[in-house]
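One structure is given below, encoded as structure tokens.
For the numbers below, each heavy atom of this structure counts, side chains included, while hydrogens, waters and symmetry mates do not.
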Amino acid sequence: MSFTRGVVFLSVLMASVSSVALADDSPGSSSPRKARPLNHAADTATDGNETITVSAARHPISINDIGTSLSIITAEEIQTQQRRMLPDLLASQPGLNVVRTGGPGGATSIFMRGTASNEVKVRLDGMDINDPSGYAGAFDAAQFLTDGIGRVEILRGPQSGLYGADAMAGVIDITSIRGEGRFKPFVRIEGGSFGTFNQTLGASGSRGGFHYSVYLSHSRVVDVPNVPRRYREGRDVPGSRNDNRSANIRLGYDVTDNFDLGLTAHLTQSKYLYPTTAYGTSDTPPYYTTYIPTNYRDQTNLNQAVVRGTAHLSSFGGRFDQIIGLGYTAYRNRYESGVADSTPDLYSGGRVKIDWHGTTDLGKAGRLLVGAEHIHDMLTQNDSGGAIPVSRAIDTNAGYGQYEGDWHHILYGAANIRYDSNSRYGNYVTWRAAPAIHVPNTGTIIKASGGSGFHGPSLEELFVSYPSPYGSYLSNPNLRAERLIGYDAGVTQQLLHNTLNFGATWYENHIRNMIETGCAAGPTTCFNTTQVNVAAGKTYGVESFLKWSPRHDLDFSLNYTWTVARNTRYTENQTSAVPRIPHHKFSFITRWDITPKLTFSSTMLYVSGWRDLDRLGTISDCRSTCVKGHGYFTINLAANYKLNRYLSVYARADNLLNRQYENPVGYLQPGRAGYGGFTLSY
């Protein structure tokens, strides 16, 4: 089905069902249930204890009633911890390893359950935001601010059965804050270490059927050292600098009791400067020739827009609920070397997505979900780095279905299946099943899930070549998608009237058709290289948690993750070890409302050692994991005091022990830092 025909089909379907719904609202008919808002998400159920997930099933459902392993971060937690950037917010979450090349603004990768970063799908208000212009199609969280975020759901395990390509390892689903109540404007000013100066202006509320939430942010960091001392060799190497301007907007209008419209937009304009590495000779024996840090900076500029409009309709007294959406994502990237007279590299990516899904409530027989999507991905690249200029696109059409049910409130389950047809790399069927068993009168819940996933080759891997007389890198239009089979099983326990929750989950993933760099001219020579489907891998481990709320104003959250990742089939440039995957990760988060006006939060994070790459090529015959990354331990503190109904002051300390650590190896992370500011609201 073409894109135009798909739009027409879904529009006609929406109009036809709308007419049925409006007929239901005629005199003499029962009043329809009020429509749930776009991306409806409730933090708690009516009893105040039960946490609700939306992303795991594409509609609100208790996390206890589905087998998916997941974590939820609320707007209150973001505010209490004072995490201003998404990488800092995700760093303490179980199953994730967040890697950033230096301070704020540095390229950021998110690894989940030991898999590659491009195997994690990230969504914002229902729109896929992985970068189609990126080398491997991964999401770079470097410039994503948390202002305006109302909720983050982290789904672990293969999710392609609902979410398609790139959801091999899991999904990170972000929802913007929905405005409610009276007009609430605010301004926040913050300053601190490394020349930090942040400003945020926002307003939210609702009036009649119209609701709104608008956040305008500017974040500036002037000088963050990110080159380790051993690489400087006495040189004057500058720190990194980042300047970010972002807007996060969510608007909605309830046309009738059962029909509403929504519009979300996330806009980013950023400039990141960081020390250049240039080819030269070291200043110390053995005077090797390599890439070394210099005293000038490279610059990366990003202009990004994520826009999505939706129409949501609840029909037949709430028994049939559907959403149709149209979204657009644009990335405009510009890279310029600090070397004099260098030519800027320009590349851009875009995505158009139209999607529809409907949920039918079958009463005691369960719930049925069906959906369809069309995705159009685009890449335009100039002759950056010697590349052959290209302008290419690919299309994906998909349909999926899911059934949910329960048996006597003991056995709950969800199963889905999805079919994706891609114009370049073929057709794929994926699935997922996630049961949960409630052991009566014990507070014990046994969960399990299993499913398949796939990750398609990126546009650059398919179409972009870099010719050179010294050996070319060639595109490979015949690449196939990577495939994964994964499963997990675990148990959770609720005690002390649900104030104490703990549990553990075992997981295992098997990956094949992994895309790695190989020889373009066959096994006898590697003068030219390309990407090939040659590798395979396996990951397994344990994720465990304990959450205790002894009082309504005091929470303790403890998470531990053990991960093993191995390449079971690999190229001559690799080893069996997988880079940038630590074996152990431990986090301990505390929230304490000391008084109704004073809130305190602390986060302790321990990450064990890992294998890594050689950043500057100083090690001869180095394969993919010849470098050892050293573990680290950090403590962050945050406090907020409400002086009166209009003014709050706050302060936080990051990396309180001033640990000098690198993650990844070769990129120094910020040392001890202090920040403070105020929020003026009405």
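With salt bridges taken as basic N to acidic carboxylate O contacts below 4.0 Å, none links Arg351 and Asp131. Taking 4.0 Å as the cut-off between side-chain N and carboxylate O, Arg308 and Asp125 do not count as a salt-bridged pair. A salt bridge between Glu482 and Arg512 is absent, with no side-chain N of the basic residue lying under 4.0 Å from a carboxylate O of the acidic one. The residues Lys121 and Asp173 are annotated as not salt-bridged, no charged nitrogen and carboxylate oxygen being separated by less than 4.0 angstrom. A salt bridge is defined here as a Lys NZ or Arg NE, NH1 or NH2 lying under 4.0 Å from an Asp or Glu carboxylate O, and Arg392 with Glu460 fails to meet this definition. Remark: Arg418 engages Glu373 in a salt bridge, criterion side-chain N to carboxylate O under 4.0 Å.
Counting only N and O atoms by type, the side chains of Arg432 and Asn416 include no donor and acceptor under 3.5 Å apart. Between the side chains of Ser69 and Arg156, at least one donor N or O sits under 3.5 Å from an acceptor N or O. Side-chain contact, Thr529 with Tyr466: no donor N or O sits under 3.5 Å from an acceptor N or O. There is a side-chain donor-acceptor pair under 3.5 Å between Asp298 and Thr276. Between the side chains of Ser421 and Asn427, at least one donor N or O sits under 3.5 Å from an acceptor N or O. Asn242 and Gln143 form a side-chain donor-acceptor contact under 3.5 Å, judged by distance and modelled atom types alone. For the 3.5 Å distance criterion, the side chains of Ser475 and Ser465 qualify, holding a donor opposite an acceptor.
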Report task. Could you walk me through whether Arg334 and Asp345 pass the salt bridge (charged side-chain N to carboxylate O under 4.0 Å, His left out) test, one step at a time? Result -> CA-CA 6 Å; Arg334 182 181 187 273; Asp345 298 343; over 6 Å; no
Report task. Decide salt bridge (charged side-chain N to carboxylate O under 4.0 Å, His left out) for Arg230 and Glu662; before the verdict, give the C-alpha distance in whole Å, the side-chain angles of both, and the deciding distance to 0.1 Å. Result -> CA-CA 12 Å; Arg230 66 181 183 280; Glu662 304 168 28; 2.6 Å; yes
Report task. May I have the step-by-step check of side-chain hydrogen bond (donor to acceptor under 3.5 Å, both in side chains) for Gln531 and Tyr135, ending in yes or no? Result -> CA-CA 11 Å; Gln531 297 296 102; Tyr135 171 71; 3.2 Å; yes
Requested in this report: For Leu668 and Gln660, run side chain to side chain contact (heavy atoms under 4.5 Å, CB included): C-alpha distance rounded to whole Å, both residues' side-chain angles, the deciding distance at 0.1 Å, then the answer.
Outcome: CA-CA 7 Å; Leu668 186 66; Gln660 302 297 298; 4.1 Å; yes
**Report entry** Verdict with supporting geometry, Asn509 and Thr539, side-chain hydrogen bond (donor to acceptor under 3.5 Å, both in side chains)
**Finding:** CA-CA 5 Å; Asn509 296 310; Thr539 76; 3.2 Å; yes
Requested in this report: Starting from the C-alpha separation in whole Å, work towards a yes-or-no answer on side-chain hydrogen bond (donor to acceptor under 3.5 Å, both in side chains) for Ser160 and Tyr400.
Outcome: CA-CA 10 Å; Ser160 291; Tyr400 56 89; over 6 Å; no
Report task. Verify side-chain hydrogen bond (donor to acceptor under 3.5 Å, both in side chains) between Asp488 and Ser449, making sure each step is shown before the conclusion. Result -> CA-CA 5 Å; Asp488 56 39; Ser449 70; 2.7 Å; yes
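Looking at every heavy atom in both residues, Leu613 comes nearest to Val627 through O-CG2, 3.5 Å.
Using bins of under 30°, 30° to 60° and over 60° for the plane-to-plane angle, the ring pair Tyr274/Tyr272 lands in the parallel bin. Between Phe139 and Phe144, the ring-plane angle classifies as perpendicular under the 30° and 60° cut-offs. Classification of the Tyr661-Tyr632 ring pair by plane angle, with boundaries at 30° and 60°, yields parallel.
At a threshold of 4.5 Å between non-hydrogen side-chain atoms, the residues Asn663 and Trp610 count as touching. Looking only at side-chain heavy atoms (C-beta outward), Arg424 and Leu459 stay at 4.5 Å or farther from each other. Counting only heavy atoms from C-beta outward, the side chains of Met127 and His266 never approach each other to under 4.5 Å. Counting only heavy atoms from C-beta outward, the side chains of Asp223 and Phe194 never approach each other to under 4.5 Å.
Annotation: the span from Tyr331 atom OH to Gln304 atom CD amounts to 4.0 Å, rounded to 0.5 Å. From Leu86, atom CG reaches atom CG of Leu124 across 10.0 Å, with rounding to the nearest 0.5 Å. To the nearest 0.5 Å, atoms CD1 (Ile172) and CG (Leu70) are separated by 12.5 Å. Atom CD of Glu543 and atom CD of Gln93 lie 11.0 Å apart (nearest 0.5 Å).
Note: Phe633 and Tyr606 fail the aromatic proximity criterion, with ring centroids not under 6.0 Å apart.
Annotation: cation-pi pair Arg615/Tyr667 present, NZ/CZ under 6.0 Å from the ring centroid and within 45° of its normal.
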